[in-house]
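See structure below.
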2 protein chains.
Amino acid sequence: MAPPAARSLPAAAESRKVILDTAARLFREEGYAAVSLRDLAAACGMKAGSLYYHFASKDEIVAEVLRIGVERAFEEVSRAVDPLPKKTAPAEVFRVAVHAHLRTLLELHDYTSANIRIFGQVPPAVRAAHIELRDAYERKWSDMLNRFPLAAGIDPRLVRFFLIGAMNSTLEWFHTGPATVDDIAEQLTQVFVRGFVKP
Amino acid sequence: MAPPAARSLPAAAESRKVILDTAARLFREEGYAAVSLRDLAAACGMKAGSLYYHFASKDEIVAEVLRIGVERAFEEVSRAVDPLPKKTAPAEVFRVAVHAHLRTLLELHDYTSANIRIFGQVPPAVRAAHIELRDAYERKWSDMLNRFPLAAGIDPRLVRFFLIGAMNSTLEWFHTGPATVDDIAEQLTQVFVRGFVKP
DNA sequence: GTCTATATTTGGATAGAC
DNA sequence: GTCTATCCAAATATAGAC
């Protein structure tokens with residue numbers, strides 16, 4: 001038998017994708033607890049019971065949304081940074097990475113924004129199972145920061161925490177529209193690398 | 001009639017305070033949706049129905065917790081910053097303010113940490129009613145930032161967003177213990193004012 | 001694969017006794 | 001002021017028909 005055409009998924013996989021895409025969007029918009037399986041099913045054009053053909057529980061759905069969210073960000077940042085020439089200045093690598101992370105979070109993927117938005121709301125067991133993947137992604141950021149010569153008294157672990165906190169909190173105000181992703185990436189880089197005060 | 005002794009509140013006010021203190025602690029620990037009124041009442045040594053003598057709804061309780069959370073931070077930062085001599089260097093004012101905010105968030109008040117933790121989880125109406133007070137507090141930060149001469153191309157509104165995001169996200173990792181509040185305040189100030197890279 | 005129907009639990013909220 | 005008892009709505013999850 002010939003394989004199915006590349007553009008169309010088998011029915012089950014197709015439904016699964018619709019459910020996950022919709023869940024990511026609703027979680028991003030409304031938070032974890034506010035989205036019931038009835039809401040989710042209705043938004044997919046299904047009934048709640050049908051979800052259980054594809055997933056064993058709400059936890060399983062949200063765990064998959066979280067996982068894909070980090071993976072997308074990881075991929076986008078890697079795709080932007082890895083091809084840069086070896087001799088690229090650390091600050092330029094940094095700016096490109098920040099831009100890729102912000103674009104994924106703010107413009108590209110509901111999965112990533114859902115991840116940031118609901119991570120603190122999901123059941124502790126789900127959160128615990130997700131930590132390892134988050135850590136792997138954050139290690140990529142540590143590697144980038146470690147290419148810089150550090151100012152005296154600066155702990156690079158704290159810089160990474162500050163940076164990730166500042167990047168992810170853009171989700172809470174980006175829609176108010178004071179700046180574009182390009183603006184934010186550029187200025188965030190300048191603030192972290194050289195400070196916001198006139199030299 | 002003589003007023004009651006200063007250290008003891010009237011019974012109703014006392015119960016109200018117990019409920020709010022306990023709610024703040026539970027919200028901080030478990031999030032908004034995870035705390036039921038039965039849980040809250042039990043932790044206060046009461047039954048769920050009794051809460052309704054003091055508050056009309058769960059929303060009213062959480063709104064009060066949010067309000068007190070910002071007020072405490074506002075008070076602590078004002079108390080630390082306002083008495084400084086007029087000629088104090090902007091960077092020193094900044095450091096003192098960051099220290100006061102972080103200490104309130106990380107060591108002093110369950111209300112403030114609950115606010116940061118659950119703000120994104122409460123019903124939209126509660127959030128909307130709370131925005132004005134948050135804005136007033138953030139204006140205090142804008143005033144401090146505006147005392148600095150800015151580097152070229154820097155929008156002080158973005159700096160304020162980055163700063164508040166970085167400060168509040170400490171809540172997610174402070175318990176892992178890589179640094180004290182003093183360390184964090186010192187290094188956060190240095191990173192924002194002069195950057196983390198060796199000059 | 002998706003449906004209908006329903007079991008089961010849990011939540012916020014109310015009424016009235018004490 | 002706090003209790004007991006209860007209402008009502010909503011949630012996750014399951015069973016079995018189609």
Side-chain angles (χ1 to χ4, degrees), chain A residues 4-5 8-27 29-66 114 118 121-127 129, chain B residues 4-5 8-27 29-66 114 118 121-127 129:
Chain A
S8 75
L9 270 46
E14 177 69 31
S15 287
R16 188 186 154 90
K17 177 169 158 39
V18 168
I19 293 167
L20 288 172
D21 285 355
T22 307
R25 180 172 57 81
L26 292 180
F27 285 146
E29 289 170 356
E30 303 177 20
Y32 171 73
V35 176
S36 72
L37 295 185
R38 282 178 176 77
D39 296 338
L40 171 57
C44 296
M46 305 174 68
K47 300 294 179 176
S50 309
L51 299 174
Y52 287 86
Y53 178 81
H54 303 279
F55 299 93
S57 66
K58 186 178 180 180
D59 281 7
E60 201 176 291
I61 296 175
V62 76
E64 184 69 353
V65 168
L66 290 179
I118 69 176
Q121 308 177 20
V122 301
V126 175
R127 216 168 29 235
Chain B
S8 76
L9 269 46
E14 177 67 33
S15 287
R16 188 186 154 89
K17 178 168 156 42
V18 168
I19 293 167
L20 288 173
D21 286 354
T22 307
R25 179 173 57 81
L26 292 179
F27 285 146
E29 289 171 356
E30 302 176 21
Y32 171 73
V35 177
S36 72
L37 295 186
R38 284 175 174 79
D39 296 337
L40 171 58
C44 296
M46 305 175 68
K47 299 294 180 178
S50 310
L51 299 173
Y52 287 85
Y53 178 82
H54 303 278
F55 299 92
S57 65
K58 186 179 181 182
D59 281 7
E60 203 176 289
I61 297 175
V62 76
E64 185 67 355
V65 169
L66 291 179
I118 69 176
Q121 308 177 21
V122 301
V126 175
R127 214 165 35 230

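Throughout, protein chains are lettered first and strands after them, A, B, ... in sequence-line order, and every chain is numbered starting at 1. Given the structure is predicted, the values throughout are model-derived calculations rather than measurements.
- A donor-acceptor pair is defined here as one N or O able to donate and one able to accept, closer than 3.5 Å; no such pair exists between the side chain of Asp21(A) and the backbone of Val18(A).
- Side-chain contact between Asp59(A) and Val122(A) is absent, with no heavy-atom pair separated by less than 4.5 Å.
- Close approach of DNA chain D to chain A, defined as any atom under 4.0 Å from a non-hydrogen atom of the protein, starts and stops at dA11(D) to dT14(D).
- Going from atom CD of Glu64(A) over to atom CG of Leu66(A) covers 9.5 Å, rounded to the nearest 0.5 Å.
- Using a 4.5 Å heavy-atom threshold, the side chains of Tyr32(B) and Lys58(B) count as touching.
- Annotation for Ala24(A) and Ala114(A): closest pair O-CB, 3.5 Å, computed over non-hydrogen atoms.
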Hey, what are the protein-to-nucleotides 9-13 of chain C N/O distances that come in under 3.5 Å?
unit_1  : atom_1 : unit_2   : atom_2 : d
dG12(C) : OP1    : Lys58(B) : NZ     : 3.0
dG12(C) : OP2    : Leu37(B) : N      : 2.7
dG12(C) : N7     : Arg38(B) : NH1    : 3.1
dG12(C) : O6     : Arg38(B) : NH2    : 2.9
dA13(C) : OP2    : Tyr52(B) : OH     : 3.0
dA13(C) : OP2    : Lys58(B) : N      : 2.9
dA13(C) : O5'    : Tyr52(B) : OH     : 3.3

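- Using a 4.5 Å cut-off on side-chain heavy atoms (C-beta onward), Phe55(B) and Arg16(B) make contact.
- With rounding to the nearest 0.5 Å, the separation of SG in Cys44(A) from CG in Leu26(A) is 7.5 Å.
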